[in-house]
Asks: 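Mind looking over this structure? Questions follow.
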Number of protein chains: 2
Amino acid sequence: MASHGGRGRSGGRPTLEEVAARAGVGRGTVSRVINGSPRVSDATRAAVEAAVAELGYVPNTAARALAANRTDAIALVVPEPETRFFAEPYFSDMLRGVGAEISDTEMQLLLTFAGSDRERQRLAQYLAAHRVDGVLLVSVHADDPLPDLLSQLEIPAVISGPRSAAESLTSVDSDNYGGARSAVEHLLGRGRRRIAHITGRLDVYGAQRRLDGYREALRDAGHPADDLLVEPGDFTEEGGRRAMTALLSHRPDLDAVFAGSDVMAAGARQVLREAGRRIPDDVALVGYDDSAIARHMDPPLTSVRQPIEEMGRAMIDLLLTEIADRRPPASRGLDRRRAVLPTELVVRASS
Amino acid sequence: MASHGGRGRSGGRPTLEEVAARAGVGRGTVSRVINGSPRVSDATRAAVEAAVAELGYVPNTAARALAANRTDAIALVVPEPETRFFAEPYFSDMLRGVGAEISDTEMQLLLTFAGSDRERQRLAQYLAAHRVDGVLLVSVHADDPLPDLLSQLEIPAVISGPRSAAESLTSVDSDNYGGARSAVEHLLGRGRRRIAHITGRLDVYGAQRRLDGYREALRDAGHPADDLLVEPGDFTEEGGRRAMTALLSHRPDLDAVFAGSDVMAAGARQVLREAGRRIPDDVALVGYDDSAIARHMDPPLTSVRQPIEEMGRAMIDLLLTEIADRRPPASRGLDRRRAVLPTELVVRASS
DNA sequence: AGGTACTGTGGGAGCGCTCCCACAAGTGAT
DNA sequence: ATCACTTGTGGGAGCGCTCCCACAGTACCT
């Protein structure tokens, strides 16, 4: 059949209207079929689906976005420089979980870095243009203005890590406090008494909570607080080395180290080994994250496993819900959801 | 409730029309100012810009995409599983270059994985929907159908790595052949005579070209071909270990190894050390990529530096050009561009 | 019989922009 | 004076979709 309807643009992509003509129905009906509305008879649905297949029809996203005022896209915002994104398994695990969960949907995922001021500028512009239906915010720092911006623009968002009082965003977190406690209790159970802690960056909520768990586990076991046993790190291997060096000079008699991340534990391990301490004989070592590093370390590292992929999945679920029942602003902020997922201590040879 | 559609003029985002009214001009004029057309008088431009600022106007991307039939977005397609993306510095460097170059434009970058069949399925759907103006394809395998799909859909695309005869896509590459030659010539110049090569996956064009460079450098220096000195790797550390083990058993008298990537060189180093070979005294080692691994290895690794960031930049430049002068299909395939960027040998203690 | 409810369907009215044509006003050559 | 350009501008006509109202048809009440 040469030209059906005499349209000159035979090479272009088929439109809804062309599908409708082909199936012998109206535009609205095709739209209903495409969007899975139940209010279509089986016969009609079949006819439309046949026409769609024959024509190779693919909906025009831009037209849909314009008419329906939604984009079917969500952004995964990483408020870190790209370097850290690649260096830390946390992000890749998270991305994997998010990717897996979102691939069941029609939603598109955008990966966005907001490490530099310039990138943040761009992001703000981007959000203001409402180019996404929702935002996933991972690894937020204490003073970050992003959560506020998001609720101001009334963009549905889910944040990873504990939600602070100021933020009215839905959040997903793992039990940092409990994870740290279980690590320390494990070390105590192994007979360790002078347990040091290398913290993460304390402007990251999770790192603070791990410190709390560490402190309270010791306190509950009747150990006095000893700040010489706590040394701040910054989640990097180099930071782990520095902190371990400091700890050894302050408390040469320590018999265990609980590091706030596997990467820092790796740094600590180097320093311990150079100082001639055997692991776990002289010093027991426990990390956090249960990343690939932990499994491949020599000796294999005991570590607190965070269900990061599951967190990613949970974030998507919550976000999609929030986007779906987008309510009028009046009812906002009343029933924010929050999910806290349990951690698990994976015991290996280092402790 | 209200009969006239609850969506009033009041609270929503300002539109072009509102800006026009405010500035006392027509819709078309505002559009011209927004899009930087020169055909606007200075006075009018200033008035419009003031109105834009006062109203906080941000163009609606969906409307623009629909009307102009472009999306202002390009996809960076990584035809690998996410795992490899994170494991290999190549990708992060590339992403950095691409990100840097694109941030000067209004374009948006989408990161897309196409490692699994499912992901490829999604990507094909995605491309068919023309949701991007162009595609950057990095690390393409020999049998990959993606390039064909792209030219079939007439989507502007730039590929990293040499373009094969079948592909009619613009490409950006580094001089793999020359890089390999310079590595081998360097080793020859240091007096090495039995130089082994651990290849990358040979279905990756670049790996094949490096092998060619290795072979021809030896041949030109009057060395007979010796296939026992060539062992296939797969770009992984484990693959490097395996290949090195095989090489040592085939040619225990080798005095140099040129590895097709730093990661494989790291694997080779382990095996050499375990076999009691000193580097560089007994065996000289040269890698490829000049990644962080090379600098931090013990001893620091001589490596061929690829200008990966520059390649990323060049890819964006070429792609934007191609998108800009999108020609009628008739003239396609005639003047495909191609850029080949030079490599540089970074000599360190391992050779 | 008329009433009330639902189900399925068609198509008008936009969504906010770009494209392009019309046209006024100015400039210069004939 | 006319003609032919140029420059700057306004606004109509869509882009391809979703939303929603109208309405025919059927089913089940009173």
Side-chain angles (χ1 to χ4, degrees), chain A residues 5 7-9 12-48 51-52 55-72 106 128-131 133, chain B residues 1-9 11-48 51-52 55-72 106 128-131 133:
Chain A
R7 303 284 261 197
R9 317 178 344 112
R13 295 164 52 197
T15 70
L16 236 207
E17 197 117 26
E18 285 161 25
V19 173
R22 175 91 177 208
V25 301
R27 229 173 42 247
T29 302
V30 178
S31 177
R32 258 159 277 179
V33 172
I34 299 292
N35 293 290
S37 158
R39 310 180 93 62
V40 181
S41 73
D42 289 348
T44 309
R45 180 184 308 279
V48 170
V52 166
L55 263 38
Y57 171 73
V58 181
N60 180 316
T61 335
R64 175 176 285 180
L66 179 58
N69 197 33
R70 63 193 164 84
T71 62
D72 290 328
E106 297 282 78
H130 286 266
R131 292 185 68 166
D133 292 339
Chain B
M1 313 300 165
S3 56
H4 262 50
R7 203 156 316 199
R9 318 262 80 226
R13 296 163 52 198
T15 70
L16 237 207
E17 199 117 25
E18 283 162 27
V19 173
R22 175 92 177 208
V25 300
R27 228 172 44 247
T29 302
V30 178
S31 178
R32 262 164 295 219
V33 171
I34 299 292
N35 293 289
S37 158
R39 311 182 91 60
V40 181
S41 73
D42 289 347
T44 309
R45 180 184 310 279
V48 171
V52 165
L55 263 39
Y57 170 74
V58 181
N60 179 316
T61 335
R64 174 177 285 180
L66 178 59
N69 197 34
R70 62 193 163 83
T71 63
D72 291 328
E106 297 281 77
H130 286 265
R131 293 184 67 165
D133 291 340

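Side-chain atoms are counted along with the backbone in the values below, which use heavy atoms only and exclude waters and symmetry mates.
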Asks: Does a side-chain heavy-atom distance below 4.5 Å link B:Val25 with B:Val30?
Replies: yes

Asks: Which heavy atom in A:Ala51 sits nearest to a heavy atom in A:Ala23, and how many Å separate them?
Replies: CB-CB, 3.8 Å

Asks: By side chain to side chain contact (heavy atoms under 4.5 Å, CB included), which residues pair with A:Ala47, not counting sequence neighbours?
Replies: none

Asks: Given that B:Arg27 and A:Ile34 both sit by DNA chain D, which one's nearest nucleotide is further toward the 5' end?
Replies: B:Arg27

Asks: Report the end-to-end axis angle of the helix from C:dA1-D:dT30 to C:dT30-D:dA1; each axis comes from five terminal pairs, and the value is rounded to 10°.
Replies: 50°

Asks: What are the two closest heavy atoms between A:Thr15 and A:Tyr57, and how far apart are they?
Replies: C-CE1, 3.6 Å

Asks: My understanding is that only residues two or more places apart in sequence, or in another chain, count here; which of them pass side-chain hydrogen bond (donor to acceptor under 3.5 Å, both in side chains) with B:Ser37?
Replies: none

Asks: Heavy-atom contacts under 4.0 Å between residues 55-64 of chain B and DNA chain D, which residues?
Replies: none

Asks: Under 3.5 Å, which N/O atoms of the protein pair with N/O atoms of nucleotides 24-28 of chain D?
Replies:
none

Asks: Quickly work out the A:Asn35 CG to D:dT18 P distance and round it to whole Å.
Replies: 5 Å

Asks: Could you state the CG-P distance from B:Leu16 to D:dG14, rounded to the nearest angstrom?
Replies: 19 Å

Asks: How would nucleotides 4-9 of chain C be written as a contact map, 5' to 3', with B for base contact, S for sugar-phosphate-only contact and - for no contact, using protein heavy atoms under 4.0 Å?
Replies: ---SSB

Asks: Rounded to whole angstroms, how far apart are CG on A:Asn69 and P on C:dG14?
Replies: 16 Å

Asks: Using the test salt bridge (Lys or Arg N to Asp or Glu O under 4.0 Å), find all partners of B:Arg22 that sit at least two apart in sequence or belong to another chain.
Replies: B:Glu54

Asks: Using atom CD of A:Glu17 as one end and atom P of D:dC15 as the other, report the distance to the nearest whole Å.
Replies: 9 Å

Asks: Residues in side chain to side chain contact (heavy atoms under 4.5 Å, CB included) with B:Arg45, at least two apart?
Replies: B:Val33, B:Val40, B:Glu49

Asks: In whole angstrom, give the distance that lies between atom CZ of B:Arg70 and atom C1' of D:dG16.
Replies: 17 Å

Asks: CZ of B:Arg131 versus P of D:dG16: gap in Å, rounded?
Replies: 17 Å

Asks: For A:Arg13 and D:dC15, what is the distance between atoms CZ and C1' respectively, to the nearest whole Å?
Replies: 12 Å

Asks: To the nearest angstrom, how far is B:Leu66 atom CG from D:dT18 atom C1'?
Replies: 12 Å

Asks: What heavy-atom pair brings A:Arg39 and A:Arg32 nearest, and what distance separates the two atoms?
Replies: O-CD, 4.2 Å

Asks: By salt bridge (Lys or Arg N to Asp or Glu O under 4.0 Å), which residues pair with A:Arg131, not counting sequence neighbours?
Replies: none

Asks: Look at A:Ser31 and D:dC17 and indicate whether a side-chain polar atom (N or O) is within less than 4.0 Å of OP1 or OP2.
Replies: no

Asks: Applying side chain to side chain contact (heavy atoms under 4.5 Å, CB included), name anything that partners A:Ala65, two or more places apart in sequence or on another chain.
Replies: B:Ala62

Asks: Over all heavy atoms of both residues, which pair between A:Leu55 and A:Pro14 is shortest? Give the atoms and the distance, please.
Replies: O-CG, 3.4 Å

Asks: Can you name the closest pair of heavy atoms from B:Asn60 and A:Leu66 and give their distance?
Replies: ND2-CD1, 4.3 Å

Asks: Sequence neighbours excluded, which residues qualify as side-chain hydrogen bond (donor to acceptor under 3.5 Å, both in side chains) partners of A:Thr71?
Replies: A:Asp133

Asks: Which residues pass the side chain to side chain contact (heavy atoms under 4.5 Å, CB included) test with B:Asn35, sequence neighbours left out?
Replies: B:Ser31, B:Arg64, B:Arg70

